[in-house]
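Numbering of residues begins at 1 and proceeds along the displayed sequence. Note that these values count all heavy atoms, side chains included, but never hydrogens, waters or copies made by symmetry.
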Amino acid sequence: MRSIIQSINPEHVCNMRVEQEGKPLKRIEVRKSAPPTPFKAYIYETKGKMKFWSQPLPIPYHEGSGKIVGEYICRKVETVRADNAIAVYYNNKPETRVSDEQLIGYSGGKLLKFIYMEDVVFYDKPKELGDFRTPSLCETGKKLGCWHEICKKRNFDCVRRVAARIMRAPQSWCYAEE
């Protein structure tokens, strides 16, 4: 199963933690693109300069940690139209925790991906971004399955694989290995 690191704002992370009727308030993440399913997503809580009051109260204000705070499994990604008010009215779901106006603004007239989160787990102790690495690359920067002359002769994946530490948070998401 592929793994990704997904940057999520502190407000949305909080809504993923808060339960109502035994289910998290936020169960669908909205993105412009998504990897093929199924995949495991590590939740990177972005650093927030502005503190906010999360809903429902009484949860104290919270500032983003800038760390990997949890993970979830995605088995379903739905492609959704959000290019006009009618499409948004019929396609938006309360589990996104995004208003119709925000969805229209974010989509920019293009299709969106609704990423369904299952088996969400939050860590007791957040992990550092540097604990994760990019998927293995060979020295030339080609992805696994590269065919250097040495690899061709031995008939196996490149022996000169390197995996770089992830040092910066992704803008939306990126592939990763723990």
Side-chain angles (χ1 to χ4, degrees), residues 1-19 23-55 59-78 95-98 102-103 105-108 110 112-146 157-178:
M1 182 181 306
R2 290 188 170 106
S3 294
I4 67 167
I5 293 179
Q6 192 171 44
S7 293
I8 300 179
N9 291 330
E11 178 182 3
H12 293 298
V13 171
C14 188
N15 284 328
M16 291 166 67
R17 288 179 188 245
V18 175
E19 290 191 3
K23 294 183 178 180
L25 291 175
K26 181 173 180 68
R27 296 189 306 263
I28 301 173
E29 183 63 23
V30 180
R31 296 296 162 128
K32 293 180 181 176
S33 67
T37 55
F39 62 88
K40 179 180 191 176
Y42 293 100
I43 302 165
Y44 174 80
E45 183 180 41
T46 60
K47 291 181 181 178
K49 293 180 182 174
M50 186 176 78
K51 296 182 179 183
F52 65 92
W53 288 96
S54 59
Q55 297 294 327
I59 292 178
Y61 59 86
H62 177 75
E63 189 170 329
S65 66
K67 296 184 179 189
I68 306 288
V69 295
E71 62 187 60
Y72 68 87
I73 302 294
C74 175
R75 293 180 181 91
K76 177 183 173 186
V77 174
E78 183 180 356
E95 297 92 347
T96 63
R97 305 299 291 177
V98 178
Q102 289 172 316
L103 208 60
Y106 179 66
S107 75
K110 297 183 181 173
L112 295 176
K113 306 288 184 182
F114 279 12
I115 299 171
Y116 288 79
M117 299 179 278
E118 299 175 14
D119 307 326
V120 180
V121 175
F122 285 97
Y123 306 139
D124 293 332
K125 182 180 176 194
K127 298 180 181 183
E128 296 294 331
L129 199 56
D131 295 343
F132 293 81
R133 300 188 178 283
T134 60
S136 296
L137 302 172
C138 72
E139 288 177 336
T140 63
K142 295 180 182 177
K143 295 196 187 238
L144 281 179
C146 114
D157 287 336
C158 182
V159 295
R160 297 180 285 180
R161 290 189 293 214
V162 293
R165 272 188 177 180
I166 295 177
M167 302 307 288
R168 292 186 329 169
Q171 290 296 312
S172 179
W173 61 270
C174 69
Y175 287 106
E177 294 176 354
E178 189 172 5

- Task: Look up atom CE in Met16 and atom CD1 in Ile28, then write down how far apart they are to the nearest 0.5 Å.
- Result: 12.0 Å
- Message: Are Leu103 and Thr96 packed together at the side-chain level, in the sense that at least one heavy-atom pair is separated by less than 4.5 angstrom?
- Response: no
- Checking Lys26 side chain against Glu95 main chain: does a donor-acceptor pair fall under 3.5 Å? no
- CZ-CE distance between Arg133 and Met167, expressed to the nearest 0.5 angstrom: 10.0 Å
- Backbone N/O of Lys76 and side chain of Thr37: donor-acceptor pair under 3.5 Å: no
- If you round to the nearest 0.5 Å, how far is CZ of Arg97 from SG of Cys14? 10.0 Å
- Candidate pair Tyr72 and Ile115, rule side chain to side chain contact (heavy atoms under 4.5 Å, CB included), full reasoning: CA-CA 11 Å; Tyr72 68 87; Ile115 299 171; 3.7 Å; yes
- Message: When you compare the side chain of Pro24 with that of Asn15, does any pair of heavy atoms fall below 4.5 Å?
- Response: no
- Query: How far apart are the closest heavy atoms of Tyr44 and Ala169, and which atoms are they?
  - Reply: CE2-CB, 3.2 Å
- In short, Gln6 meets Ala41 closest at the heavy-atom pair OE1-CB, 4.3 Å
- Reported OG-to-CD distance for the pair Ser7 and Gln171, which is rounded to 0.5 angstrom: 7.5 Å
- Nearest heavy-atom approach of Ser3 to Tyr42 is CB-CE1, 3.9 Å
- Task: Tell me, with the steps shown, if Glu71 and Ile43 meet side chain to side chain contact (heavy atoms under 4.5 Å, CB included).
- Result: CA-CA 5 Å; Glu71 62 187 60; Ile43 302 165; 5.7 Å; no
- Task: Hey, could you give me the NZ/OG distance between Lys32 and Ser107, rounded to the nearest 0.5 Å?
- Result: 8.0 Å
- Message: Under the criterion side chain to side chain contact (heavy atoms under 4.5 Å, CB included), I'd like the reasoning laid out for Val98 against Tyr106: C-alpha separation, chi angles, the key distance, then a yes or no.
- Response: CA-CA 10 Å; Val98 178; Tyr106 179 66; over 6 Å; no
- Within the distance-only criterion (no hydrogens, no angle test), does the side chain of Arg31 pair as donor or acceptor with the backbone N or O of Ser172 below 3.5 angstrom? yes
- Message: I need the Arg17 CZ to Phe122 CZ distance, nearest 0.5 Å.
- Response: 5.0 Å
- Item | SB check Lys67 Glu128 (cutoff 4.0 Å) | yes
- Under 6.0 Å from the CE atom of Met1, do we count more than 12 heavy atoms belonging to anything else shown? yes
- Close side-chain approach of Gln102 and Val30, heavy atoms under 4.5 Å: no
- Item | Ser65 backbone acceptor or donor facing Glu45 side chain under 3.5 Å | yes
- Message: Assess the residue pair Phe39 and Tyr175 against the criterion (side chain to side chain contact (heavy atoms under 4.5 Å, CB included)); give the C-alpha distance rounded to whole Å, side-chain angles, the decisive distance to 0.1 Å, and a yes or no.
- Response: CA-CA 10 Å; Phe39 62 88; Tyr175 287 106; over 6 Å; no
- Where Arg75 and Asp119 come nearest, the two heavy atoms and their spacing: NH1-OD2, 3.4 Å
